[in-house]
Structure formats: C-alpha cells, structure tokens
Asker: 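Have a look at this one before I ask anything.
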Number of protein chains: 4
Amino acid sequence: MSAPERAAAQAGPTLRPARTEATRHKLFAASMEIIGERGPHSVTVDEIAAAAGVSKGSVYYNFGSKSEMIGQLLRFGGDILLERLGRLADRPDPRQALAAMVGEALDFLDEYPSFAQLWVSEMWHSASEWRPILSRMRGEVIDLVRAAVTRIDPSGPDEDLDTLATAIFGATLALGRDRHSFHPERSRDACVRAVMRSVAHP
Amino acid sequence: MSAPERAAAQAGPTLRPARTEATRHKLFAASMEIIGERGPHSVTVDEIAAAAGVSKGSVYYNFGSKSEMIGQLLRFGGDILLERLGRLADRPDPRQALAAMVGEALDFLDEYPSFAQLWVSEMWHSASEWRPILSRMRGEVIDLVRAAVTRIDPSGPDEDLDTLATAIFGATLALGRDRHSFHPERSRDACVRAVMRSVAHP
Amino acid sequence: MSAPERAAAQAGPTLRPARTEATRHKLFAASMEIIGERGPHSVTVDEIAAAAGVSKGSVYYNFGSKSEMIGQLLRFGGDILLERLGRLADRPDPRQALAAMVGEALDFLDEYPSFAQLWVSEMWHSASEWRPILSRMRGEVIDLVRAAVTRIDPSGPDEDLDTLATAIFGATLALGRDRHSFHPERSRDACVRAVMRSVAHP
Amino acid sequence: MSAPERAAAQAGPTLRPARTEATRHKLFAASMEIIGERGPHSVTVDEIAAAAGVSKGSVYYNFGSKSEMIGQLLRFGGDILLERLGRLADRPDPRQALAAMVGEALDFLDEYPSFAQLWVSEMWHSASEWRPILSRMRGEVIDLVRAAVTRIDPSGPDEDLDTLATAIFGATLALGRDRHSFHPERSRDACVRAVMRSVAHP
DNA sequence: CATGAATGAGCATTCATTCAT
DNA sequence: AATGAATGAATGCTCATTCAT
C-alpha cells in the first residue's frame, strides 16, 4: 500500500491534497504516452519519472511499485472506455446502438493508442501481472456488445451470441490498432461498416 | 551475424550441419513453449537454454542474440501459417475457401498459442524489435484473406475489401486467443460461423 | 551521461553533493590502486566497487560505465601532474627548471604508479578508448618540456626541440617505471642526472 | 604443451611438417598485426584465427593457449631485435656503434609497431602474463646499450651507466612509438640525434 | 593436422526498490 | 510530500577452451 493509500485508509474520505493528485495525473499522462509505445517492460521508472517531471521517489511514494502504477493506469483507461460505451447502450435502435459503440470504441482506441496497445498485448497473456484487470475489462466490454447483438437478433443459442460478440470485439480492436499502425488513412466509417457486416442482414 | 550464418554465407560444403540444425530446433521448440506464456522480456536466455537442454553459449553461437533468436522463431512460425493458408486459397468455392482458411487459422492458433500471443502483442507495437517480421506476416495473411473475400464479392471499393479483410483477421485472432485463454469449450465451428457472418448473405 | 552529470548539467543548488563526491573519491582511490597493477581489462567493476567499499550500482550511478570511470580517473591524475609541473616551469634558471620538472615527474610516477602504468600502456595505443585523454596529456607535458628546453638553448630548428622534448619525456617515463618495477634502489638524483645529460653541455 | 611441441619432444630434431610451420607463421603475422592495434585482451582467438585464415582449433592445436601464442610471438619479435642490435655492437667507433643501434631500434619499432606497442604496454606491468619474457628482453637490450655507453665513457659508477642506458632505452622507445602514433613525419636521423645528445659531448 | 560446434564461468550493465534527508 | 543517492539481484552477452569428427 502506497503512502496516500495508507492515509486514505486511515482518514476516511480525505480531501486528497492537491499536490498528490497533480503528481498522479502527471505520471498517468506520461506513462500512457511512453508505455504504450515501448511496452511496460522496456520502460524504466526513471524514464517515467523524468517524462512526468517528478522524481523517481514520487512514483514509489504515490503508487508503491511500478506494477501497481501501471495497474491503476489500466483501471483509469478502462473506466473511461466503459463509461463511454455504457452511455450508448440504450439507444432505441439496436443496430444503431451497436454501430455507435463500435464507432466510439474506434475513437477511444484512437485517443488512447498506448492504452489500446497495452490491452491487446496483455489481455490474453496468461502470465500477465495485469491479467485480472484486463480480463475483467474484456468481460464487461463483451457483455455490452453481446447485449446489443442480442437486441438485434435474440434467436440462436447463447454461445453463438457470445462468440459473435467476441468476433466483433476482436475486429474492432484490430481495426483500431491497424488504423494507428498501418492505415491512418482508413476512415472511421469504413471500419464501422466492415464490423457491422456481421449483423447486417435484416 | 551468428557463426553458422557466417559459415553459410561463405557457402562450401557444410561439414557438420546436422548438429547445428538439431540445436536450433531444440531451441525453437523450447522457446515457442515458454516465451508465449511469459512474454519475451520475462524469459531469460538461461531458461530457454535450460529448457532446450543446451548451454547458454549455444544460443549465442547459433543466433547471436536473444532478439535474433526470437526473430527467427517468428519467421519459422509465420512460414508454417502462410504455407497452411496458401494451400487452401484456391479451393473452387470462394466461400468454402475462406471458411477453410479461418478454420485452419484457428487450428494454428491452437497449436502454437505462444506464437499467437507473441504476434498479437508485438504486431501493432510501434517500437517492437520484431515489427518488420510481424507486420510483413500480417500483410501477407491479410492479402490472402482479401483475395478470398474478393472472390466472394468483387463489388465495392478496394479500401472496403481491405478493411473487411482486416476485420476478419482481427476477429479470427481474437477468437483464437480467447479460446485459449477464456473459452476452451467454445467450438471451432462456432468460431468459423461467427467470422463468416460478415460475408454470409448472398 | 551519469546521473550526477545530468543533475549538474541542469545546475540548480545541488542538494546532497557531499555524498556523491565522497563516493566518487573512494572509487578514484580504489581504482588507482588496483587498475594500474592488473590492467584495466583484468580488473572487474565488482572488484573496484568492493575495494572502494561501495556497491557496484554506485559505480554506474556515478560514472555510467567502467570506461568512463577510468577516463575520469585519468583526467584526475593528469590534472595533478600538469598542475605540479606547471608550478615549476617559470623558475629563473632554465636548466634548474627542467631538472626540477624531471624530478617532480619522477616523484609523481612514484606516487601514482598505477596511473603511470596506465598512461604508458594506453598513450600510444591506437585503439585505446582513452587515447584522446592521454594524448592530450602527452601533448601538454611535452609542451612544458619543450618550453624549458627552448629556454636552455633556443638555437636549432623547432622540430629538433620537439624531438628532444619527446626524448626527455620518454627517458623520464622509462626511468620512473623502471624504478617501480626493476630498480627500486635507484636514486631519484641519478635518474635526473641521466635525463639532464641531453641538455648538459653549456 | 601443444601438440607439435609434444611431437617435437618425442621425435627429437623432427623435420617439422611444413603445414604446421605455415599455420604458425600465418598466425604470427596475423596476431602481430591486430594485437598491437587493439591490445591482447581486446583481441579474441576467433579474430586471430579468422585474420590468419585458419580455424580456431588450429590455434589451440599449435600453441595450446592464447597466452602461450602471444608469448611465442613476443619471443619471436624479441629475437629479431636482439639479433639485429647484436650485429652492430662491435663496431670500432663506440659512438657510431650506439648511434647505429639507436637507428636500428627505430627501424625495428617502425617495422613491428604492434610488437613495440605490446612491449611498452606489458614490460612494466607487474601482473602481466608475459612479464618474464619481456623483462628479460628489456634486460638484454639495456645490457647492450650499457656496453656501448661504457665504451664511450667508462668513467663513473656502474649505477650511473645503467641509469643512462635505461634513459636511452626509454627515449628511443618513446620516439619510436611517437613516430608511429603522432609524428610520422619526424625523421629517423632527428630521433637518433636527440637520443645521442646524452652521450654527445666528448 | 585441422575443424567448428558446443560449453560455461565470468563480466558489464540495468533497473526496481529503499531510505536518509 | 518529495527527493535522489545508493543498492544488489538479475540478465544479456563474451570468449577462452574442449573435443568429437
């Protein structure tokens, strides 16, 4: 448990000192930037601290360890994505809801490419330190997709709906990363259309 | 350049290539096993050598560096996949050809889960040492898929075909990894069906 | 660039420089002791750190590399020699000035035998990592000697003065090392006299 | 004991197989070339073998170890120098004899710069593996010089003659290396003159 | 005689973590 | 709340040496 966590545990809903919050956010921003590009193992705590403009000691004071810092970073990013997708889930037209979610996901992958890269790298990695966090995120996202898919066509066995949701999830993730790495010219719409073909026939 | 490569570059009748080949294959097999599970950075050369039953020096004698060894491992795995997919590409019925390729890919991802994990992790990683190798593989696989998709429905702009091929690629990869990590009970057929939905309606 | 150098480059009020300085000097002293005896390649960083009573990591924290540490050690020693010789250069009697410099050099070679050995070994070594440092030192020492020689007898071409200065430099170096290795009984005065014979005749 | 040495020990004055002699000389030539430039510790047996165009095993077959190979190389070079200097020692005019020896030494240092470098580096090195060889060489050369000096001016104590001989030795060595490294334009004659100044005045 | 694949002890270097200030 | 000097276990890599062919 890092020092601020200890303090919070003792003091109840402390108004967190502004200085700590600022340091944490500088570290989030800097890590997000460089960890996605170079990978969590290739980036050193020194580099993160330098990029954030704080001392190395601050990382340990605020997060306790490098691993924990990355974990909180992932939670931070995952919450943003889930919040954004959740907002679109209850649109009246189910097909439009799914399309909106795919589009929103593409936007998110575009805005947080480093988070996206980290997710793809670690989610299926059996020995990843962040597997619990990432597989929970994967589960929640796929649940949202499956719900949308089910509203479009509730027939068929549950297993098939889950499989379809996973396929949509994978296609979206791949298109998002591909736009970043290989095809920046590819339009968001074209990607949404390609993904939506799997639920396209009325 | 590793010692065997230097020797090969000079041509001439390689005197004792059998021993070298044996060592290299033992290293390939052992690496494939453990690198995918724990990630290339978390696995040490000592562990690889021990798992292969050779000395650490042999790794360096044969490959020159850990990075180069993994690179050759990736080429090795990629060649297997491409060879397998290529064999299915010219089936008469284009829809059956694509379905066969998706199925074959799933089998491959099942047989070589470590290779699959490494691929997913590093392919879109901008600073990966193996990016050149992996992105070439990605390109060749997507080309195969696009050719199959084009045979099914040649209408529409090229860009859309490329995008669709990428979506199919991503969906298959995700389903393959998901079967390994989260849903071992999910059938190969269900996965193929889910992927094929994007080209299913005549 | 080592960490303290990075810090120094940014200026600002160095907070805890005393600790760093202490560590650096402990390392200088210990290295000077053992590197000259066994040669820079035969001495390990572990040994140096152990001899200095600091951790191996400290060597890297303070100098960045073994090579850089030795480089700074050489600069450190060279500055001492040059400072000592420079103080004697402007004695009124030129012959006495040169004799004093030769004697002082012999004293220095006696006090810092490891530095002397390193200098002799690496100065004329075309591929030495420390060639730039050592050849600059050689140049400055020879310049001092030539100035003294010129004051004794300004006639003759410049080239001859340079050559004579080099001969004096070499003779002194050899006598200094020889006293350490083979003839500890040989007196300082006898050495000075032998060197001074080349400028002895009025 | 290396294999040919074993053979020689058994068979008496064997006519050494031509193949062995050829291999040894190729190795001498190649080592002399690169060891002097890069230092004995920085040069690997692989490099030496490659430069000589023989296999690494041949080095061990012929010399038993890297250290022994360099030792024989040094003996080889030292014999050449001593033979050349010895031939000049009994010239009638003692001053001319010494000048001829200094000149001959400069020629030798010019022809075998790598040997010269190795000598300078290792001769005064207390822990050098080749110290015995090199200090014997140093002794024999200084004896020759002292004999010549004694013939010029036999007065004065023995110790002074020895010291003077060492000074001449050092001056010559330094001028020889300096010509190679820093002043290739400096003439052989100018160097001889500078060295001879210490015995120049009748 | 010669080769070159294999070895493993040894080494320079990295980096997450600690702690006195 | 923050700092940065110091640490040392861990790791990639080198290279002299061996030995089966």
Side-chain angles (χ1 to χ4, degrees), chain A residues 3-4 7 17-20 22-23 41-49 54-62 64-67 69, chain B residues 2-4 6-7 14-24 41-49 54-62 64-67, chain C residues 2-4 6-7 14-24 41-49 54-62 64-67, chain D residues 3-4 7 17-20 22-23 41-49 54-62 64-67 69:
Chain A
R19 194 129 150 253
T20 292
T23 299
H41 294 286
S42 309
V43 169
T44 69
V45 175
D46 267 294
E47 286 173 311
I48 294 170
V54 303
S55 75
K56 195 198 315 214
S58 275
V59 175
Y60 287 88
Y61 183 79
N62 282 288
S65 77
K66 179 187 177 183
S67 179
M69 202 208 80
Chain B
S2 57
R6 260 195 311 278
T14 20
L15 265 72
R16 285 160 281 180
R19 207 154 152 221
T20 292
E21 262 334 88
T23 300
R24 286 176 168 236
H41 295 285
S42 309
V43 170
T44 69
V45 176
D46 270 297
E47 286 173 312
I48 295 170
V54 303
S55 74
K56 195 202 306 216
S58 274
V59 175
Y60 287 90
Y61 183 77
N62 281 288
S65 75
K66 178 186 176 183
S67 179
Chain C
S2 58
R6 261 195 310 278
T14 18
L15 268 70
R16 285 160 281 180
R19 210 159 151 215
T20 292
E21 262 334 87
T23 300
R24 286 176 167 238
H41 294 287
S42 309
V43 169
T44 70
V45 176
D46 269 294
E47 286 173 312
I48 294 170
V54 303
S55 74
K56 195 202 307 219
S58 274
V59 175
Y60 288 89
Y61 183 78
N62 282 288
S65 74
K66 178 185 175 183
S67 178
Chain D
R19 196 127 150 250
T20 291
T23 299
H41 294 286
S42 309
V43 169
T44 68
V45 175
D46 267 295
E47 286 172 312
I48 294 170
V54 303
S55 76
K56 197 202 308 218
S58 276
V59 175
Y60 287 89
Y61 184 79
N62 282 288
S65 77
K66 179 187 176 182
S67 179
M69 202 208 81

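Throughout, a chain's letter reflects where its sequence line sits, starting with A, and its residues are numbered from 1.
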Asker: Mind checking who F/dC15 pairs with, Watson-Crick or G-U wobble, both distances under 3.5 Å?
Answerer: E/dG8
Asker: Take the protein atom CG of D/Asp46 and the nucleotide atom P of E/dT7, then report the distance between them rounded to whole Å.
Answerer: 16 Å
Asker: Would a 4.5 Å heavy-atom cut-off, applied to side chains only, mark A/Val45 and A/Met69 as touching?
Answerer: no
Asker: Which residues satisfy the side-chain hydrogen bond (donor to acceptor under 3.5 Å, both in side chains) test with A/Ser65, sequence neighbours excluded?
Answerer: none
Asker: Using atom NZ of B/Lys66 as one end and atom P of E/dT14 as the other, report the distance to the nearest whole Å.
Answerer: 15 Å
Asker: Under 4.0 Å between any heavy atoms, over every strand shown, what does D/Ser67 touch: base, sugar-phosphate, or nothing? Just pick one.
Answerer: nothing
Asker: Does a nitrogen or oxygen in the side chain of B/Tyr60 sit under 4.0 Å from OP1 or OP2 of F/dC13?
Answerer: yes
Asker: Quick one: NE2 on C/His41 to NZ on C/Lys66, what's the gap to the nearest 0.5 Å?
Answerer: 7.5 Å
Asker: Could you pull out the closest heavy-atom pair between C/Arg24 and C/Asn62, with the gap in Å?
Answerer: NH2-O, 3.0 Å
Asker: Taking CD1 from C/Ile48 and C1' from E/dT13, how many angstroms apart are they, rounded to a whole number?
Answerer: 14 Å
Asker: Give me the distances for all protein-to-nucleotides 6-10 of chain F N/O pairs that come in under 3.5 Å?
Answerer:
from	atom 1	to	atom 2	distance (Å)
F/dA6	OP1	C/Arg19	O	3.0
F/dA6	OP1	C/Thr23	OG1	2.4
F/dA6	OP2	C/Asn62	ND2	3.2
F/dT7	OP2	C/Ser55	N	2.9
F/dT7	OP2	C/Ser55	OG	2.9
F/dT7	OP2	C/Ser58	OG	2.6
F/dT7	O5'	C/Ser55	OG	3.1
F/dG8	N7	C/Gly57	N	3.4

Asker: Using purine N1 to pyrimidine N3 plus N6-O4 or O6-N4 for Watson-Crick, or N1-O2 and O6-N3 for G-U wobble, both under 3.5 Å, which nucleotide pairs with F/dA20?
Answerer: E/dT3
Asker: When the C1' atoms of E/dC1 and F/dT21 are compared, how many Å lie between them, rounded to an integer?
Answerer: 13 Å
